[in-house]
Each structure stands twice: as C-alpha cells, then as structure tokens.
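This report concerns only the one structure given below.
A, B, ... follow the sequence lines: proteins, then strands. Residue 1 opens every chain. Values below: every heavy atom of this structure, side chains too, minus hydrogens, waters and symmetry copies.
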Amino acid sequence: MDQRSWFHAELEDITREIVLLAAHVTEAIPAATEALLTGDLDAAQRVIDHDDVLDDLALDIEERCYRALARQQPVASDLRALMTAIRMVAEIERSGDLVVNICKALCALRAPDLSPEIRGVLQQMGEQAVGLHRTCMDAYADGDVTLARSLDLLDDELDRLHADFLEAVVRWGEDGSVRDAIQLALIGRYYERIGDHAVNIGERVRYLIEGELPVHGSLS
Amino acid sequence: MSRTAAVILAAAVPTAVLLLVLLVSWRARRRTRQRLHAATTRLASGTVPESPRLEPALAELERAVDQAVSRGGDANASETRLAKALEAIHDGVVLLDDAGDIVFTNARAATFLGARHGEALVESAIDELARTALTGEPATQTLELFGPPRRTLVLSADPLDDGHRNTGALVVIEDVTERRRVDAVRRDFVANISHELKTPVGGLGVLAETIVDEDDLGVIRRLAARIHHEAMRASRTIDDLLELSRIEAGDSTPREPVAVHLVLAEAVERAAGAAEHRGIALDLREPPHDLVVRGDRRQLSSAIFNLLDNAIKYSQPGSTVRVGATADPAAGTAALVVGDDGIGIPRRDLERIFERFYRVDRARSRDTGGTGLGLAIVRHVASNHGGEISVESREGEGSTFTLTLPLGDPRRTVTTQED
C-alpha cells in the first residue's frame, strides 16, 4: 500500500474509532440518568468503572492521529481531518468524564428520593443530552453541516431545561437537605456541560467541512 | 552403382522424413491424449479409463466437463439455499475466516456493521468475541443498549474447524429484549399476586388473634375497624380479579353501538365522589352525541372509570382531571382521553403499568387503596374491543391515557340509559 492510500485508510479507521468512542458516551448518558432516577448505586458504579474503557480508547485514537501526522505530514483537508479528530476525541472524552461526575454525585446524595418534578426534568435533560450527542456524531459521520448547525437550537432547549431544573431543586431544597440540593445543582450543571461539548463537536465538524474556525463569542 | 545408390537415397530420404514427421506427430498426439486424460481425471470425481484414441478422450473430457458444471450448479444452489436459510433466522449471523475477516453476514447482523451510537458497540463486541473464538475458545457477552429503543442483545462466538485446524468463527447476535420482558412479567406477577392476597389475609389473622386475648373495648373497636378495612381491601382485590377474568373470557362481548358521551357521563358519575373527597375537579368535555363506538357499554365505562380513578389518586388536591373524546373518521376510530396534571409515571415503568398488580411505587400505591388491577382491566377492555390503550406521561407534569376504539354506526345507537 502506498503512503497516501495508507493515510486514507488510517483516516477512515480513526473516524470509525471516534464513532465508537462517542457510542460509549451516548450509552453512558442514559445509563447514568436511569441510575439517578432509580437510585441504583451499583449501576452508577458500573458507569464509573466503564470510563476506563473510554479513556483507553481515547488515548489509542490520539496516538494513531499523532502517528498519522508524523508519517504523512498532511496538508489542507487531510490536516483538518486529523486536527478535528484530535479535538473531537478530547471533547467526547470530557463528556464521558461528566457522565462519571453525574454518577459520583448520585453516590453522594443522602436521600435519592427526588420530587416528581425533579425526576421529570432530569429525564428530559438526559434525553436532550443524548439527542445532542447523537446529532453531533451524525453530523460528523455524514459530514452534514446543516445538522451541525442545528445543535445550537438543541442546546438552547437543554439550557432551558437546566434553568427549570435549578428552579425545581430550589423548591425541593426547602424540604430537602442543602447538601443534596448542591449535589443536584451540580448534576444539572454536568448535563448542561455535556450539551456544550456536543455543540463544540458540531463546531469542529463545521470547521472540518467548511474550513473556517468558529467565530469568537459563538463558542459557549 | 551410384545411380542405384542415388535412387535408394532419393526414396529413403523422404521416407525417413515422413517417418520422422509421423513419429513426432504421434508423440505430440500422445502427449495431447495424456493431457486430456489428466484433465478429465481431475475434473471427474473418479478415475477415467485411458483411451488410446484422441476422439474418445475428447468425448470423455466433454462428459466430465458437463458433470462438473452440473455439480458446480448444485454447489451454488446449495450455497444460495444456506445463505437464504441464514437470512431467515431471526438472529444476526456473522461468519469470519481464520484471518478474522468477515466472509458472511445476514441482513440482521449487517445493520450493526458500520452502525453509529449504541449499535456501534455491537460491532466492536463482535470483533472482540470473534478474536477469542479464533483462538479456539467460545465466548459470550450480553449488551444492554439504552437506544432508544432499549434492547438487550446476547452475542455468542464459536470457533469453527475442519477437524484439524481453526477455519474461522461464527458469531450469533440474539435479541432477547422481548424474552426478558416476558420473563420479568411472569416472575413479578407470581410474586405480586401472592403478596396482594396474602397481606390482607395475614393481617386479618393477626388482628383477630389479638382481639381474642383483648378485654379493652376501645382497643377491640379499633382492631375491628382495622379488620373491616383489611377485609374490604381483600374483597376489592377479589372483585377486580373476577372482573378481569370476566373481561378476559369475554369473547361474547356484545358489539352494539354505544354513545361515547353516555360512557363518559357514567364513569364521571362513579368517580365524582372520590374526586370531591380529594378536592379534585373533574372537567368533562362532552363529545357530540353522534360519536359512537362498537362495544359493551358497561365494560367501556368501567375502563374510563378506572382511568379517572387513577388520575384522581395521583393528582395533587386542587388540580383538574380532564376527560373527553374525539373522532378520527379517516382511521375509523374514536379516542377517549383522560388527562391529569399529577405526579406522572417514570419512563422505565411506562410500558409495564398495564400488567396485573404492577406498581410503580409500592409504598405509595398502598396508601391509595388501589388493587393494582385497574389498568390491567383497561387494557383487556381495549383489546376485547379491537382497540388499544396508550399513555403519555412525564414525571412532575402529568399523564394522558388514550383509549382508541373502532367507530360504530350512529344510526343504530341505543341512546337511552339503562341498568
């Protein structure tokens, strides 16, 4: 195999691995949400433990990217593809860490009996966060700029849910403990950040295809 | 002398040349015959008699070619048949060669290859299991995919060999979601029914036993009231069980046209007491009187009553429970809808709430005095009428139950109230 076709096969492999890495996260988000809603600490621990797989895979992809850079010294769209891959791995890996944080916060809750209102919004935040991650990976895998642009709207909805959630926690906090209210507020924040990472991935996809870096101020 | 010699020479040279040519040509033909024979033998399954002549050898070869072609056709047909059989299997099938490269996938398995999101994990699991199987060790793994839709897949990989060495691996992907669900329903039902029936009966026994040794009239009165309470509960459970089996056995359900507004009015009337008691308003949006469905009025109003009763139990005092109906003439159905702004139902319980005795929150539903059979009754009424029951719910926002039924003929309606 000559150098160029080696490079393109490698690039395809890297894309495939990134899709797989993101799949671990899109599965971990609902797993964490369900653990939270059922107060299942064992399930939460399984999500936490599974993060090692994700971290190993992320490191592996990153190293492949560096090797490809060193061997081929690509330019133009090939270079963009590799740089995007490196950035995306970091964003996805960070989202995975946030899912772990959700599970750790769950373990720190003293009374995991949440009000129906809080549970309802949590469920929706979980679904919205998964939706954002699925959409940004679809945009990446299909090279779909329009889809990548739609992420901002999806994220606005998650931000709105986050605000609702904080309101619900405040109302609940009047009977519940301050300590638990703080954990819950953090959990809400983690979901919100997971959405932001999906938006960042979307911006990377737009850079990959259109070659323009996101304008300052549009990054959340 | 020299003439004679010349004549002899003149005759001998062409003869020698001719003989030489004949010899060469004979040897060439023999080689050709031998090659033909060798090829024929290779083609045919057994040995073929060596023919001394070219023509029969050629015929032999043609016959062998014909046979081989038809055998090849058979092999193709059998391969096609096997591939079709693997397609027909409800599991995903992936066949790998000894190098670990995929040589066959059926359509079900193919959906996982190159897939995204959760399903991409299936492909990497196939890869990993196949690698183990190629070392000669079978391997299995269970994957819980959150989807949506939520699925449980069992992957198993087995090594393949030809008796001497590994020739590859077979990976089978089985979707056990439905089987696991049915298992859980059965397991929970048995546990729940014994609990629902034994708890009040056990309570009755203990209470009665206490009364026997009790002299204080006040205590006796209190215990008797508790006995009454427990007996009522057991009785309600038995009533609902009987109702359920009556509906379940109901292939004789009359299919007469029933006016929906009467069904709703009857159910609202029955639920009014409970609603008032809990401080909940019932908002009946009466449908047009010509909205008619086919079915049994008593069963239908019992179903709507059960939905109202639930909505009332799981709503906050001061809130409103809505009930109404609309027609969808295009689909030939009517939708009877009961909605509330109550606590809602957790997502994971949504598909299970229509099971007998299924409880989302055991401690809470015990306080409400429900039997755990209301929604099971509704589901059976729906299926008895060729309709269906569906629910949309969000925790903290409320639930909406929709009973969809086939429309009836309004001209043949019994509009008078009976019973």
Side-chain angles (χ1 to χ4, degrees), chain A residues 12 15-40 43 46-47 50 53-54 57 60 99 113-124 126-127 129-131 133-142 161 164-165 167-168 171-172, chain B residues 101-102 111-128 141-153 184 311 313-316 319 340-352 359-365 391-400:
Chain A
E12 231 167 75
T15 305
R16 187 74 205 127
E17 295 270 279
I18 288 177
V19 167
L20 181 62
L21 182 70
H24 282 287
V25 176
T26 39
E27 282 296 309
I29 300 169
T33 308
E34 183 166 303
L36 199 52
L37 289 174
T38 52
D40 186 342
R46 279 198 297 277
V47 175
H50 189 73
V53 176
L54 220 140
L57 190 56
D60 188 49
V99 178
D113 277 347
L114 308 172
S115 72
E117 193 186 8
I118 288 181
R119 296 168 55 86
V121 186
L122 266 178
Q123 175 88 49
Q124 291 183 69
E127 284 165 11
V130 172
H133 265 264
R134 290 176 80 107
T135 308
C136 73
M137 288 319 293
D138 282 336
Y140 175 61
D142 295 336
L161 286 168
D164 286 356
F165 181 71
E167 288 294 317
R171 272 193 292 280
W172 178 82
Chain B
D101 290 324
I102 293 175
T111 60
F112 295 114
L113 304 180
R116 281 176 216 162
H117 314 309
E119 291 182 344
L121 299 180
V122 179
E123 187 177 8
S124 80
I126 291 173
D127 227 47
E128 212 167 290
Q141 190 185 344
T142 304
L143 271 182
E144 300 267 358
L145 296 182
F146 281 85
R150 204 180 165 135
R151 286 200 285 180
T152 309
L153 303 174
K313 275 177 197 156
Y314 295 106
S315 287
Q316 303 297 329
S319 64
D340 66 60
D341 306 322
I343 57 171
I345 301 157
R347 168 62 54 94
R348 55 180 271 126
D349 297 302
L350 271 182
E351 62 174 27
R352 300 202 58 189
R359 307 246 198 219
V360 172
D361 181 347
R362 194 159 290 283
R364 188 184 172 99
S365 42
V391 58
E392 275 177 47
S393 185
R394 192 62 97 172
E395 279 191 274
E397 289 180 14
S399 311
T400 302

Flag the pair [X] / [Y] as yes when at least one side-chain heavy-atom distance between them is below 4.5 Å, and no otherwise.
X: Arg116(B); Y: Thr26(A); result: no
X: Arg348(B); Y: Leu37(A); result: no
X: Glu123(B); Y: Arg16(A); result: yes
X: Arg347(B); Y: Glu127(A); result: yes

Legend entry - Side chain, backbone, both or neither of Asp164(A) within contact of chain B (heavy atoms, under 4.5 Å): neither
Inset, instruction - Locate the shortest heavy-atom distance separating Leu20(A) from Ala120(B); write the atom from each residue and the value. - result: CD1-O, 3.5 Å
Inset, instruction - Heavy atoms only, distances under 4.5 angstrom: which of Gly342(B), Ser393(B), Ala115(B) has the most pairs with chain A? Name it, please. - result: Ala115(B)
How many angstroms lie between atom [atom1] of [X] and atom [atom2] of [Y], to the nearest 0.5 angstrom?
X: Arg46(A); Y: Glu144(B); atom1: CZ; atom2: CD; answer: 8.5 Å
X: Glu27(A); Y: Glu119(B); atom1: CD; atom2: CD; answer: 9.0 Å
X: Leu21(A); Y: Ser124(B); atom1: CG; atom2: OG; answer: 11.0 Å
X: Ile29(A); Y: Phe146(B); atom1: CD1; atom2: CZ; answer: 11.5 Å

Legend entry - When Ala168(A), Ala23(A), Ser115(A) are compared by non-hydrogen pairs under 4.5 Å with chain B, the top option: Ala23(A)
Inset, instruction - Just give me the residue among Ala141(A), Ala31(A), Ala22(A) that pairs up with chain B most often, heavy atom to heavy atom, under 4.5 Å. - result: Ala31(A)
Inset, instruction - Considering only NZ, NE, NH1 and NH2 on the basic side and carboxylate oxygens on the acidic side, decide whether Arg394(B) and Glu117(A) come within less than 4.0 Å. - result: no
Legend entry - Any donor-acceptor N or O pair under 3.5 Å, side chains Glu395(B), Gln124(A): no
